[in-house]
Amino acid sequence: MSTESRLRQAMSDHVADVTASPDLLAGVQRRHRSRVVRNRALTVAGLAALAVGVLPVYGLVTADGDGHVSASRGGSVSQRPKASPLQQPPAGVTSCALNVPIRVIPPWARSGFSAAEPRMAYVLGARGDIVAILFGSPLAAPPRQNLSNKILWVSRVPLVAGDSLVIDASLEGTATRVTRTVRGGPGPSGVDLPEAGCWHLTLKWSGHTDTMDLRYSHQPG
């Protein structure tokens, strides 16, 4: 027998003579079973990852329809939500709009209306202190025979009894300036302006001032 074989035999005989405690043997067996279960789980996870074409090293790798790739540190497989389109601002009245939309008028301007939430075409002053409710929308220049340029002016701020509403109007891009007066202050009126176009209005009443733009256009009738 060679020297190497004698050494192996001697070590085997020595180990066989060592008696381990039952608790120690049970602990070794539990750790062994735990390692086996863990290794099997990792093997299954690796095979599943290969099946879907991802690499389970740093977590899950996903790609959206646009080809953007993202990685996560764990969790279930999911696609990154696509970016939503830019939120558009709510529809409103642009400066000198030709067709002013019909909307629910402000609560403070509803006096005299029977509906709980009356809807009309209106333009609000830049300061929000006065509103022009357009019964004759769209406003026309020259005025129509069958529909007048009727505007109901309503003030949000206190009025001085009998004080008139003075309207200084200037036509955009021209030197045309005119003044219109609503006797008795904000209320029903018929405001005709000499030309079609975008008119910039400065409104003065009861010590208050506000501005707004109104468009008058060529209309049939």
Q.
Is the shortest side-chain heavy-atom distance between H218 and P142 below 4.5 Å?
A. yes
Q) Between V104 and R110, is any pair of side-chain heavy atoms under 4.5 Å apart? A) yes
Q) Taking all non-hydrogen atoms of both residues, which atom of E195 and which atom of T176 are closest, and how far apart? A) OE2-OG1, 3.6 Å
(Q) If I compare all heavy atoms of C96 with all of R215, which pair ends up nearest, and what's the gap? (A) O-NE, 2.8 Å
**Q.** Backbone N/O of G136 and side chain of R144: donor-acceptor pair under 3.5 Å
**A.** yes
Q) Quick one: do I133 and L124 end up in the same hydrophobic cluster if we chain Ile, Leu, Val, Met, Phe, Trp and Tyr together by side-chain heavy atoms under 4.5 Å apart? A) yes
Q.
With a 3.5 Å distance limit and no angle check, can you tell me whether R156 reaches the backbone of G128 through a side-chain donor-acceptor pair?
A. yes
Q) Are more than 12 heavy atoms from other residues, nucleotides or ligands located less than 6.0 Å from atom CZ of R183? A) no
Q.
Is there a path of hydrophobic side-chain contacts, each under 4.5 Å between heavy atoms of I/L/V/M/F/W/Y residues, joining V160 to W153?
A. no
**Q.** Joint hydrophobic cluster, V178 plus L165, side-chain heavy atoms closer than 4.5 Å
**A.** yes
Q) Can V100 and M120 be said to form a side chain to side chain contact (heavy atoms under 4.5 Å, CB included), step by step? A) CA-CA 9 Å; V100 178; M120 292 288 297; over 6 Å; no
Q: Write down the atom of L98, the atom of S217, and the distance for their closest heavy-atom approach.
A: CD1-OG, 3.2 Å
Q: Check whether any side-chain heavy atom of R180 lies under 4.5 Å from a side-chain heavy atom of L201, and answer yes or no.
A: no
Q | Rounded distance [0.5 Å steps], OG in S164 versus CH2 in W205 | A | 13.5 Å
Q.
Using side-chain heavy atoms (C-beta onward) and a distance below 4.5 Å, is N149 in contact with Y216?
A. yes
Q: Examine distances only and state if a side-chain atom of D192 and a backbone atom of A141 form a donor-acceptor pair shorter than 3.5 Å.
A: no
Q) Can you tell if the side chain of I167 reaches within under 4.5 Å of the side chain of T181, non-hydrogen atoms only? A) no
Q | Considering all heavy atoms, the nearest H208-P158 contact | A | NE2-O, 2.8 Å
Q.
If you define the side chain from C-beta out and look only at heavy atoms, does anything of I105 sit under 4.5 Å from V154?
A. no
Q.
Has D210 got a side-chain atom pairing as donor or acceptor with D129's backbone, closer than 3.5 angstrom?
A. yes
Q) How many angstroms lie between atom CG of L214 and atom CD1 of I151, to the nearest 0.5 angstrom? A) 5.5 Å
Q. Just how far is it from atom CG of L134 to atom OH of Y122, taken to the nearest 0.5 Å?
A. 11.0 Å
**Q.** Donor-acceptor contact below 3.5 Å, side chain S206 vs main chain L159
**A.** no
(Q) Quick check for you: to the nearest 0.5 Å, what is the distance between S148 atom OG and F135 atom CZ? (A) 10.5 Å
Q: Taking the side chain as every heavy atom from C-beta outward, state whether Q219 and P138 have any pair of such atoms under 4.5 Å apart.
A: yes
Q. Between W108 and S155, which heavy-atom pair has the shortest distance, and what is it?
A. CZ3-C, 3.9 Å
Q) Are any non-hydrogen side-chain atoms of H200 and T202 less than 4.5 angstrom apart? A) no
Q.
Are V157 and V182 connected into the same hydrophobic cluster when the rule is that any two of I, L, V, M, F, W, Y join if their side-chain heavy atoms are below 4.5 Å apart?
A. yes
Q.
Can a donor-acceptor pair be found, under 3.5 Å and without considering hydrogens, that links the side chain of T174 to the backbone of L171?
A. yes
